[in-house]
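So the structure is just underneath, and the comments pick up after that.
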Amino acid sequence: MAQQERPGSDGEHLVQQRLGTTERADRFYGDQVLDHLNVRMQEFVARQEMFFLATADRHGECDSTFRAGPPGFVQVLDDRTLAYPEYRGNGVMASIGNISENPRLGIMMIDFTRDRIGLHINGRARVVMDEEMRAQHDDLPVDPVPGRRAQLWVTVEVEEAYIHCAKHIPHLQKVPAQQRGARAWGTDDVKRKGGDFFGAAAEAGERPPFRRAAHRNEHLRGGLHEDIEDAVYQDAAPVPAATSRAAQAGQAAGAGPRVDGREDVVEELNAEFLDRVEQVLARARPRGPVEDDPAFRGWFGRRDA
């Protein structure tokens with residue numbers, strides 16, 4: 001039997017080690033984290049009317065948003081592929097723009113009204129024109145509401161799927177149809193879209209111009225990040241032998257020989273970052289064993305450790 005790879009990021013594995021939760025995390029990984037959608041997950045997806053979407057651009061700057069539609073608007077193409085439509089919006093195209101630079105995304109579906117449970121889906125996305133999508137999948141429904149007709153589709157190759165447990169999810173009730181107004185799918189009517197609810201437009205003439213946040217020493221752990229100027233690397237002097245616990249661990253694991261310049265700067269920044277992480281984690285208190293044995297069983301046919 002092939003050995004199972006450990007899900008999750010290096011960062012979460014580091015935090016687990018420092019807080020003593022590795023064993024509990026491994027139980028969750030083994031019981032709950034799939035690389036596909038099982039039958040119960042597919043059924044859950046097929047009846048959802050909304051989800052939350054997280055994307056990031058090539059710099060790692062994040063965006064979160066909300067998507068909604070009639071039940072089944074997210075199409076389950078097979079156990080490893082989803083597709084959702086992009087309806088007409090405000091024209092900003094933040095999520096699609098991010099996906100064009102960085103295909104990784106996270107989807108969070110929560111059923112607030114029936115099962116009171118959630119499903120995480122992480123994977124790689126591809127943007128597809130509606131015509132191309134329908135040529136490949138001729139059984140896709142055509143929505144009768146004009147504002148809910150897809151301009152684009154996003155297909156998602158599922159890499160991780162796992163439960164979000166019920167304990168913090170509020171139980172909500174739908175407002176009866178006769179008590180709520182019809183949703184204004186695809187409208188440009190400012191009032192029906194919510195107007196200037198937060199007063200931002202009213203302040204537009206008085207506030208200074210928008211400025212993007214400066215990027216300082218941003219880097220990806222174990223790699224070179226573009227926000228570090230080339231000049232910094234070119235002028236970099238050799239750094240002293242690293243003394244942080246993280247750097248020592250890297251050397252013990254067989255890290256390659258040091259090269260002056262870029263690799264020195266990256267190593268120095270990584271060591272500084274990990275030292276700060278360790279300082280924060282050192283002040284955290286690991287959970288007691290009494291918190292480690294919930295007997296909750298998940299809705300997707302697997303135990304929620």
Side-chain angles (χ1 to χ4, degrees), residues 1-56 62-68 71-84 95 99 102-126 154-172 286-287 291-305:
M1 180 177 177
Q3 184 174 358
Q4 178 171 309
E5 294 183 9
R6 196 162 186 252
S9 67
D10 291 344
E12 68 188 70
H13 298 160
L14 172 66
V15 174
Q16 291 160 12
Q17 288 179 341
R18 298 290 288 119
L19 294 184
T21 66
T22 299
E23 183 178 351
R24 183 150 49 98
D26 280 341
R27 289 201 306 271
F28 182 84
Y29 291 153
D31 288 344
Q32 293 293 336
V33 181
L34 308 184
D35 60 3
H36 64 283
L37 300 173
N38 68 14
V39 172
R40 300 189 75 171
M41 291 175 176
Q42 294 177 45
E43 294 170 349
F44 181 85
V45 170
R47 65 174 183 265
Q48 297 311 302
E49 300 179 51
M50 63 181 181
F51 66 86
F52 302 95
L53 174 66
T55 59
C62 300
D63 180 76
S64 61
T65 190
F66 172 78
R67 292 289 182 268
F73 82 108
V74 180
Q75 299 287 315
V76 180
L77 303 180
D78 57 51
D79 67 347
R80 296 179 185 271
T81 317
L82 298 178
Y84 66 85
S95 300
I99 290 169
N102 174 3
R104 301 283 183 179
L105 56 65
I107 288 173
M108 177 67 174
M109 293 182 168
I110 301 179
D111 186 339
F112 293 100
T113 60
R114 174 178 151 175
D115 294 324
R116 204 169 61 82
I117 202 72
L119 176 63
H120 295 265
I121 301 172
N122 300 325
R124 297 178 66 89
R126 186 171 73 93
V154 177
T155 63
V156 180
E157 177 188 346
V158 176
E159 295 183 339
E160 291 182 341
Y162 55 93
I163 194 171
H164 188 97
C165 77
K167 59 187 175 184
H168 297 150
I169 298 176
H171 195 174
L172 308 180
R287 293 187 178 188
E291 299 172 78
D292 289 347
D293 59 347
F296 180 76
R297 293 194 63 83
W299 271 259
F300 303 127
R302 296 169 70 87
R303 209 169 60 247
D304 181 15

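For A68, the side chain to side chain contact (heavy atoms under 4.5 Å, CB included) test picks out M50, F66, R183, W185, with sequence neighbours left out. Under the rule for a side-chain hydrogen bond (donor to acceptor under 3.5 Å, both in side chains), the partners of T65 that lie at least two apart in sequence or sit in another chain are R67. Take F51 and apply the ring-ring contact (aromatic ring centres under 6.0 Å, His included) test, not counting sequence neighbours, and it matches F73, Y84. By the salt bridge (Lys or Arg N to Asp or Glu O under 4.0 Å) test, D26 is found to be paired with R6, residues two or more places apart in sequence or in another chain being considered. Residues satisfying the salt bridge (Lys or Arg N to Asp or Glu O under 4.0 Å) criterion with R80, sequence neighbours excluded, are D35. With sequence neighbours excluded, no residue forms a side-chain hydrogen bond (donor to acceptor under 3.5 Å, both in side chains) with H36. Residues satisfying the side chain to side chain contact (heavy atoms under 4.5 Å, CB included) test with R126, not counting sequence neighbours, are V128, E132, Q136, T155. For E49, the salt bridge (Lys or Arg N to Asp or Glu O under 4.0 Å) test picks out K174, with sequence neighbours left out. Partners of T22 according to the side-chain hydrogen bond (donor to acceptor under 3.5 Å, both in side chains) rule, which considers only residues two or more places apart in sequence or in another chain, do not exist here. Residues that satisfy the side chain to side chain contact (heavy atoms under 4.5 Å, CB included) test with V45, not counting sequence neighbours, are V74, V76, L82, M109, L119, I121. Under the rule for a side-chain hydrogen bond (donor to acceptor under 3.5 Å, both in side chains), E157 has no partner lying at least two apart in sequence or in another chain. Remark: N122 engages E160, Y162 in a side chain to side chain contact (heavy atoms under 4.5 Å, CB included) (not counting sequence neighbours).
Heavy atoms from other residues, nucleotides or ligands lying under 6.0 Å from NE2 of H171 number more than 12.
Atoms CG and OG, from L53 and S64 in turn, are 8.5 Å apart once rounded to the nearest 0.5 Å.
Of the possible donor and acceptor atoms, none in the side chain of T21 sits under 3.5 Å from a partner among the backbone N and O of R24.
Using a cut-off of 4.0 Å between Lys/Arg side-chain N and Asp/Glu carboxylate O, R40 and D115 are scored as not salt-bridged.
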